[in-house]
Protein chains: 2
Amino acid sequence: MTTTATAGSVGLVTAQTLHFDEPLALACGRSLDSYDIVYETYGELNADRSNAVLICHALSGHHHAAGRYRTDDRKPGWWEECIGPGKPIDTRRFFVVSLNNIGGCHGSTGPASINPGTGQPWGPDFPDLRVRDWVHSQARLADRLGIDCWAAVIGGSLGGMQAMRWALLYPDRLRHCVVIAAALRLSAQNLAFNEIARHAIEADPDFDNGHYLRNGKVPVRGLSLARMIGHITYLSDDAMADKFGRELRSGSLEQGATEAAEFQVQSYLRYQGSQFSESFDANTYILMTRALDYFDLAREYGDDPVAALENSRCRFLVVSFSTDWRFSPARSREIVDALIAARRDVTYVNIDASEGHDAFLMPIPRYLDVFSAYMQRVEADR
Amino acid sequence: MTTTATAGSVGLVTAQTLHFDEPLALACGRSLDSYDIVYETYGELNADRSNAVLICHALSGHHHAAGRYRTDDRKPGWWEECIGPGKPIDTRRFFVVSLNNIGGCHGSTGPASINPGTGQPWGPDFPDLRVRDWVHSQARLADRLGIDCWAAVIGGSLGGMQAMRWALLYPDRLRHCVVIAAALRLSAQNLAFNEIARHAIEADPDFDNGHYLRNGKVPVRGLSLARMIGHITYLSDDAMADKFGRELRSGSLEQGATEAAEFQVQSYLRYQGSQFSESFDANTYILMTRALDYFDLAREYGDDPVAALENSRCRFLVVSFSTDWRFSPARSREIVDALIAARRDVTYVNIDASEGHDAFLMPIPRYLDVFSAYMQRVEADR
């Protein structure tokens with residue numbers, strides 16, 4: 001069962017871009033006349049085009065999920081632990097498609113792109129997006145790649161929400177749906193954290209009501225704070241205790257020490273926030289968190305998740321992690337209970353892991369084993 | 001047992017101020033040459049001065065714990081539910097002393113006070129304080145009020161930490177120690193939330209490195225954000241769900257709705273943040289959160305809570321609340337376990353409550369009953 005011993009990397013990869021000219025009608029009522037989607041693929045599409053899997057990314061994710069652009073890249077793609085030869089999403093068996101969603105800031109058309117109507121960056125005038133808009137745009141990407149039906153649509157966190165929406169909007173275009181560390185919708189506490197993150201960005205004078213790019217500014221402080229807030233919710237209390245405890249980075253706790261002591265967790269968070277603020281677009285962060293806030297799988301089905309999921313035809317794998325408090329195991333069980341009530345085929349596993357929400361990115365042996373086993377079933381179901 | 005049926009208010013109260021001229025040596029190595037302490041008292045000190053209880057306040061608290069200044073005050077003191085005739089801290093039996101700690105911003109000397117050395121507000125030059133500094137200043141207040149030994153020192157959250165420190169620093173000056181929703185020290189996650197709150201304040205351009213008062217500014221945005229962040233940690237996920245769920249304040253979730261929908265929790269948090277930023281001093285907020293961060297009851301006792309608590313001589317009541325995730329029941333059990341190992345007399349109760357950390361301020365019947373019963377024992381022990 002354990003496949004991780006032989007696991008390798010997809011190696012060097014190249015991002016590709018497709019341009020779409022047919023207007024995309026959006027949930028907000030507006031439409032996007034034309035747009036680019038940046039994506040990567042790993043592995044080979046088989047002759048009957050039955051081995052394609054789609055990776056949907058989370059809040060701050062992008063298309064670069066595996067491999068490296070150059071051999072000396074410091075870090076591989078964000079899901080290197082799960083995608084590659086011998087890994088759960090085995091690129092010797094599957095043709096893996098990973099994209100940057102529209103509204104993103106890693107090459108696909110988003111708020112930092114030029115609005116053809118004005119010649120200026122879209123900024124806050126970029127249309128509000130919902131998870132369903134991403135799914136529709138991903139379906140067009142599938143059309144262009146000649147993929148009628150995905151062997152699986154797979155995502156963690158916000159990515160898992162896209163996978164579930166796929167199952168309802170295009171029930172005949174996926175055979176399996178893999179929903180990791182997700183939820184049917186956000187709780188009030190989830191909403192509150194996102195609200196504070198957005199508020200931090202909007203309160204930064206350099207945000208300029210979203211027109212910072214036009215004005216040659218970047219709301220570094222606000223975006224950094226937003227990331228710090230998010231980061232706490234990705235880690236469990238235990239994970240933080242293991243990682244930092246109350247260790248000091250500098251100074252002393254002795255009474256009367258002249259140098260101010262600084263806890264490691266403080267410098268870690270500041271570093272994380274600062275790094276993120278240099279590489280991510282503030283309007284995209286606002287757009288993505290709002291898409292999260294407004295996601296509600298069952299809303300248009302009379303708020304009944306069972307009625308919603310009765311529209312699906314695929315099989316499901318649902319995974320949660322014991323110390324995840326952003327989308328706790330209880331939230332995954334709501335999905336599983338609804339799937340069972342809707343008489344759908346669902347495999348559920350709650351993985352003991354100390355890493356909190358971030359566990360879905362981590363090489364936790366039981367997680368990788370379960371994920372690998374399920375993907376072998378996906379392959380057998382082709 | 002239930003005393004709440006007959007519970008009343010202490011009615012109209014007046015704050016008093018005492019000036020202290022003897023320099024107070026602080027843990028940071030500096031000293032405060034002179035300072036004011038603002039306080040209130042409720043009930044009457046008895047002839048043998050044996051019925052005095054001290055209330056220690058939490059992060060954003062102050063001396064006004066019960067009653068009203070005028071009959072038309074919109075709100076009573078912050079612990080009105082627990083202090084008054086027939087309430088757990090029964091003012092027919094106890095002489096209650098409630099103060100604003102030094103470093104505060106409600107009348108006691110703090111960062112917003114004038115530094116006699118410069119004629120300007122202290123601002124960021126106000127000395128860093130530790131919980132022990134508050135305890136020493138409270139002991140001097142006791143001296144001035146003629147109280148040799150408190151019947152009980154009582155506090156919730158950061159107030160409970162002061163009560164525990166009292167038990168170690170002045171073991172002969174309290175007979176009971178009531179520690180509600182507290183912890184032996186902060187976890188890495190606790191530290192992280194405080195760090196982000198401070199960072200939000202410091203990142204506000206109007207903070208001016210702490211010299212905002214001198215420059216006629218107030219870091220409203222940063223302080224508001226800090227409060228919003230704190231507020232999430234005071235409420236449980238359940239409490240937020242009960243209070244707001246995903247209810248909308250305005251707009252519609254329908255696709256294509258022209259008016260932006262706003263979740264109630266968002267406007268609530270913005271309101272809370274905004275109100276707080278108008279009434280609280282940013283430097284005090286930083287000072288108080290740092291005192292919390294550095295509190296570590298056992299640090300100077302070889303990091304052994306048992307060795308630390310062996311220095312106490314009083315009896316203890318420890319209270320936690322089931323959904324408190326800021327200082328969870330597990331953190332209270334650490335205190336209780338150490339007290340038992342130190343062979344101290346401890347009563348512990350974990351109250352089922354949906355309100356999270358804020359529960360310690362709420363009129364939860366079992367909480368009030370247990371608290372009342374314990375305080376009757378305190379009275380009997382006089």
Side-chain angles (χ1 to χ4, degrees), chain A residues 26-30 128 130 132 185-196 198-200 203-205 221-222 224-225 228-229 231-232 235-247 253-258 260-261 263-266 268-270 273 293-294 296 299-300 325 328, chain B residues 26-30 128 130 132 185-196 198-200 203-205 221-222 224-225 228-229 231-232 235-247 253-258 260-261 263-266 268-270 273 293-294 296 299-300 325 328:
Chain A
L26 303 170
C28 67
R30 295 170 64 187
D128 238 17
R130 297 293 174 261
R132 70 185 64 233
R185 59 185 195 174
L186 268 62
S187 70
Q189 189 186 74
N190 294 149
L191 293 175
F193 277 115
N194 282 345
E195 162 66 4
I196 292 179
R198 284 191 298 271
H199 195 63
D204 186 331
R221 286 165 298 195
S224 174
L225 262 170
M228 291 165 76
I229 293 163
H231 210 84
I232 295 188
L235 296 177
S236 68
D237 200 358
D238 286 352
M240 294 192 110
D242 291 349
K243 208 163 178 170
F244 312 107
R246 292 174 54 90
E247 293 303 307
L253 285 179
E254 291 311 305
Q255 308 304 332
T258 49
F263 293 104
Q264 276 195 5
V265 65
Q266 296 174 356
Y268 171 80
L269 283 174
R270 290 195 183 210
D293 285 5
Y294 286 91
D296 186 346
R299 192 183 53 76
E300 70 211 75
W325 62 280
S328 70
Chain B
L26 303 171
C28 66
R30 296 170 63 186
D128 238 18
R130 297 291 175 262
R132 70 185 62 233
R185 60 186 194 173
L186 266 62
S187 70
Q189 189 186 77
N190 294 149
L191 293 174
F193 278 115
N194 282 345
E195 162 65 3
I196 293 179
R198 285 191 297 270
H199 195 64
D204 185 332
R221 286 165 299 196
S224 174
L225 261 169
M228 290 166 77
I229 293 164
H231 210 83
I232 294 188
L235 296 177
S236 68
D237 199 359
D238 287 353
M240 291 192 112
D242 290 349
K243 208 162 178 170
F244 312 109
R246 292 173 55 87
E247 293 303 306
L253 285 179
E254 290 311 304
Q255 308 305 333
T258 48
F263 293 104
Q264 276 196 4
V265 65
Q266 296 173 354
Y268 171 79
L269 283 174
R270 289 193 184 212
D293 283 6
Y294 286 91
D296 185 347
R299 192 182 54 76
E300 70 209 75
W325 62 280
S328 70

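We use all heavy atoms of the structure for the numbers below, so side chains are in, but hydrogens, waters and symmetry mates are not.
Across all their heavy atoms, A:Met240 and B:Ala192 have their closest contact at CE-CB, 3.7 Å. For the residue pair B:Ser236 and A:Gln189, the shortest heavy atom distance occurs at C-NE2, 4.4 Å.
Residue with the most contacts toward chain A among B:Arg185, B:Arg198, B:Gln264: B:Arg185 (heavy-atom pairs, distance under 4.5 Å). Heavy-atom pairs under 4.5 Å with chain B peak, among A:Leu186, A:Asp293, A:Asn190, A:Asp237, at A:Asp237. Highest contact tally toward chain B, considering only A:Ser224, A:Gly222, A:Gly245, is held by A:Gly245 [criterion: heavy-atom pairs under 4.5 Å]. Ranked by heavy-atom pairs under 4.5 Å with chain B, the list A:His199, A:Glu247, A:Arg30, A:Lys243 is led by A:His199. In terms of heavy-atom pairs under 4.5 Å with chain B, the best-connected choice from A:Asp296, A:Ile229, A:Ile232, A:Val265 is A:Ile232.
Neither the backbone nor the side chain of A:Asp128 comes within contact range of chain B; no heavy atoms are under 4.5 Å apart. In this structure, no portion of A:Ser328 lies under 4.5 Å from any heavy atom of chain B. At a 4.5 Å heavy-atom cutoff, the contact between A:Leu235 and chain B is made by backbone atoms alone. Contacts of A:Arg270 with chain B are made by side-chain atoms alone, with heavy-atom separations under 4.5 Å and no backbone atom involved. Contact annotation for B:Ala241: only backbone heavy atoms (N, CA, C, O) come within less than 4.5 Å of a heavy atom of chain A. Contacts of A:Ile196 with chain B are made by both backbone and side-chain atoms, with heavy-atom separations under 4.5 Å. Contact annotation for B:Phe193: both backbone and side-chain heavy atoms come within less than 4.5 Å of a heavy atom of chain A. Contact annotation for B:Asp204: neither backbone nor side-chain heavy atoms come within less than 4.5 Å of a heavy atom of chain A.
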A:His231/A:Tyr268 under side chain to side chain contact (heavy atoms under 4.5 Å, CB included): CA gap, chis, key distance, verdict
CA-CA 10 Å; A:His231 210 84; A:Tyr268 171 80; 2.8 Å; yes

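Distance CZ/A:Arg130 to SG/A:Cys28: 7.5 Å, rounded to 0.5 Å. The structure places CG of B:Leu269 at 6.5 Å from CD of A:Glu195, a figure rounded to the nearest 0.5 Å. Note that the OH atom of A:Tyr294 and the CZ atom of B:Arg246 stand 9.0 Å from one another [nearest 0.5 Å].
Put simply, the side chain of B:Met228 does not reach to within 4.5 Å of the side chain of B:Gln266, judged on heavy atoms.
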